[in-house]
A.B. asks: 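Okay, here's the structure, questions in a sec.
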There are 2 protein chains.
Amino acid sequence: MHLTVSEENYIKAIFHLQEADGTVSTNQLAANIHTKPASVTDMLKKLTSKRLLLYKPYQGVRLSSEGRKLALEIVRKHRLWESFLVDKLQFGWDEVHEVAEELEHISSKKLVDKLDQFLGNPRFDPHGDPIPDSNGVMLSLRQVNLLDLKPHTKAEVCSVGSQSPELLELLKHKQILIGTRLEVQCKFEFDHSLEIQLEGRGNITISQQLAQALFVKTI
Amino acid sequence: MHLTVSEENYIKAIFHLQEADGTVSTNQLAANIHTKPASVTDMLKKLTSKRLLLYKPYQGVRLSSEGRKLALEIVRKHRLWESFLVDKLQFGWDEVHEVAEELEHISSKKLVDKLDQFLGNPRFDPHGDPIPDSNGVMLSLRQVNLLDLKPHTKAEVCSVGSQSPELLELLKHKQILIGTRLEVQCKFEFDHSLEIQLEGRGNITISQQLAQALFVKTI
DNA sequence: AAAATTATTTAGATTTGTCTAAAAATATTT
DNA sequence: AAATATTTTTAGACAAATCTAAATAATTTT
């Protein structure tokens, strides 16, 4: 089954969007992939005819099991390449996403497996996200959204919700990294912001938007 | 200047073909790139309008200095990735070409330079071909075609003329690698074949076609 | 439940890179 | 140098992936 770069990008986007929702709408996809709803409809039809999607017009779309398998291969490649860039080529973890978006479309199965081995079969990428193995099995982290933590719980940052440059800029400024430990001090109903204490440092404020983008495990 | 994969492949093909000829014909390009002459004409017009080619209809084509610069970047990427695959991922030198054909189109300049550094700034790839540096400067080997050697000269294989699977299969069968040492015993006018002695082994026959594909330096 | 709004699909156009068939230019042979 | 053969270009068509504008379906509001 050979897919174009464009087809792969749709499969990947549906995979990520359906994590939350179960089923994905045309408009959601169009926004995510920076294209127009009409273009999405065309592509959904094409991928459905290739048996990669379960799609009923007006009813949203999900990946078929075949589609899910392909999505996991793409995610695996993306996260392995990110690991390579950070661990071997000394990229910053906040500058690898775009390059990995290109590298993830290289098709050689042998390349991916050799790369995996070369990196020591890592289970998580530099952002803390789990890397599927060559059978498409992916560990899931016991991670919760920072927004859902109660006051006085301690936690460790283990992944971020997106790789947008804007988010990464803010994290850099606040000196929050994967592995940073913190304790929620209090929460404010008014704007849903939190005050947290960073281990070894003082208290800082986290906005609702930022908290929503941070996934932690309690410690 | 952003080029599509297809455009880059034309630039690269012209670069390699003009090594020998100086100027490249439409049919030559079509054969090399596995496409039809009519398609080549269209692309030549497009790349000419981007000022990457010097092209007069019916008169063949050459790279402009801008085109040559881009070609060298692509060749650099190709050969660095081949080095990575062989040196780091333990690929055989005869199985890296196709993967490198994909990797060479990844656009990040930073990636290429970091990769170069990671590999220890190699000057030659696993096939013995020189790798241009980040300024597009490429060492040229003092290498001659095996066909041009006189009887009783000793030489060392330092590069092969192509990476076609057929050629690599034959080299594997005859156990000829980069670095293999040999001595030309005699040449036959009739079919332009050579008899050579492989160091530590017996005499074998090299056809005109094979000799033409082997570049050596005398020792 | 009818009207208004929003979401989605259809219809038709555009761009890129390719193709085939035919025409034009160049090269080779007699 | 005329005829023939080869090479190259032009003209017109096609598939992929996108777009805009218009039509249709679904949802929400009143």
Side-chain angles (χ1 to χ4, degrees), chain A residues 1-15 17-18 20-63 67 70-71 74 101-102 104-105 107, chain B residues 1-15 17-18 20-63 67 70-71 74 101-102 104-105 107:
Chain A
M1 170 78 46
H2 176 262
L3 298 187
T4 65
V5 168
S6 203
E7 288 171 327
E8 288 195 350
N9 283 335
Y10 275 87
I11 294 290
K12 190 182 55 155
I14 294 167
F15 177 84
L17 290 172
Q18 87 174 38
D21 299 33
T23 175
V24 182
S25 77
T26 303
N27 268 8
Q28 262 183 300
L29 255 175
N32 187 275
I33 240 167
H34 299 111
T35 184
K36 303 294 168 184
S39 311
V40 172
T41 301
D42 288 345
M43 186 58 96
L44 294 184
K45 283 190 211 159
K46 185 160 67 134
L47 292 174
T48 301
S49 79
K50 292 191 176 186
R51 311 196 160 284
L52 302 177
L53 301 181
L54 304 171
Y55 162 65
K56 293 249 179 71
Y58 298 100
Q59 300 300 125
V61 69
R62 294 186 303 127
L63 293 175
L70 287 169
I74 301 166
E101 292 272 284
E102 285 189 70
E104 74 191 0
H105 301 293
S107 57
Chain B
M1 170 79 47
H2 176 262
L3 298 188
T4 66
V5 169
S6 204
E7 289 171 328
E8 289 195 349
N9 283 334
Y10 275 87
I11 293 290
K12 188 181 55 155
I14 294 166
F15 176 83
L17 289 172
Q18 87 175 39
D21 300 33
T23 175
V24 182
S25 77
T26 303
N27 269 7
Q28 264 183 300
L29 255 174
N32 186 275
I33 239 167
H34 300 112
T35 185
K36 304 293 168 186
S39 311
V40 172
T41 301
D42 288 346
M43 187 59 96
L44 294 185
K45 284 191 211 161
K46 187 161 66 134
L47 293 174
T48 300
S49 81
K50 292 190 177 186
R51 313 199 160 281
L52 302 176
L53 301 182
L54 304 172
Y55 162 64
K56 291 250 177 72
Y58 297 101
Q59 302 300 126
V61 70
R62 295 185 303 126
L63 293 174
L70 287 170
I74 301 166
E101 292 272 286
E102 286 189 69
E104 74 192 0
H105 301 294
S107 57

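A, B, ... follow the sequence lines: proteins, then strands. Residue 1 opens every chain.
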A.B. asks: Counting only heavy atoms and a strict 4.0 angstrom limit, can you tell me which residues of residues 29-45 of chain B come near DNA chain D?
C.D. replies: B:Pro37, B:Ala38, B:Thr41, B:Lys45

A.B. asks: For B:Leu63 and B:Ala71, work out which heavy atoms get closest and say how close.
C.D. replies: CD1-CB, 3.9 Å

A.B. asks: Think B:Tyr55 has a side-chain N or O under 4.0 angstrom from the OP1 or OP2 of D:dT8?
C.D. replies: no

A.B. asks: Compare every heavy atom of A:Ala13 with every heavy atom of A:Ile33, then report the nearest pair and how far apart it is.
C.D. replies: CD1-CB, 4.0 Å

A.B. asks: For B:Lys50, look at atom NZ and say whether over 12 heavy atoms of other residues, nucleotides or ligands are found less than 6.0 Å away.
C.D. replies: yes

A.B. asks: What integer distance in Å separates A:Glu8:CD from D:dA16:C1'?
C.D. replies: 16 Å

A.B. asks: Just the rounded figure in Å: distance from P of C:dT26 to CG of B:Asn27.
C.D. replies: 15 Å

A.B. asks: Tell me the interatomic distance from B:Tyr58, atom OH, to D:dT9, atom P, rounded to whole angstroms.
C.D. replies: 6 Å

A.B. asks: Under 4.0 Å between a side-chain N or O of A:Thr26 and OP1 or OP2 of C:dT9?
C.D. replies: yes

A.B. asks: Taking OP1 and OP2 of C:dA7, is either one under 4.0 Å from a side-chain nitrogen or oxygen of A:Ser25?
C.D. replies: no

A.B. asks: Provide, to the nearest angstrom, the distance between the CD atom belonging to B:Gln59 and the P atom belonging to D:dT6.
C.D. replies: 20 Å

A.B. asks: Mind calculating the distance between CG (B:Leu3) and P (C:dT16) to the nearest angstrom?
C.D. replies: 13 Å

A.B. asks: Figure out the NZ/P separation between B:Lys50 and C:dT16, and round it to whole Å.
C.D. replies: 8 Å

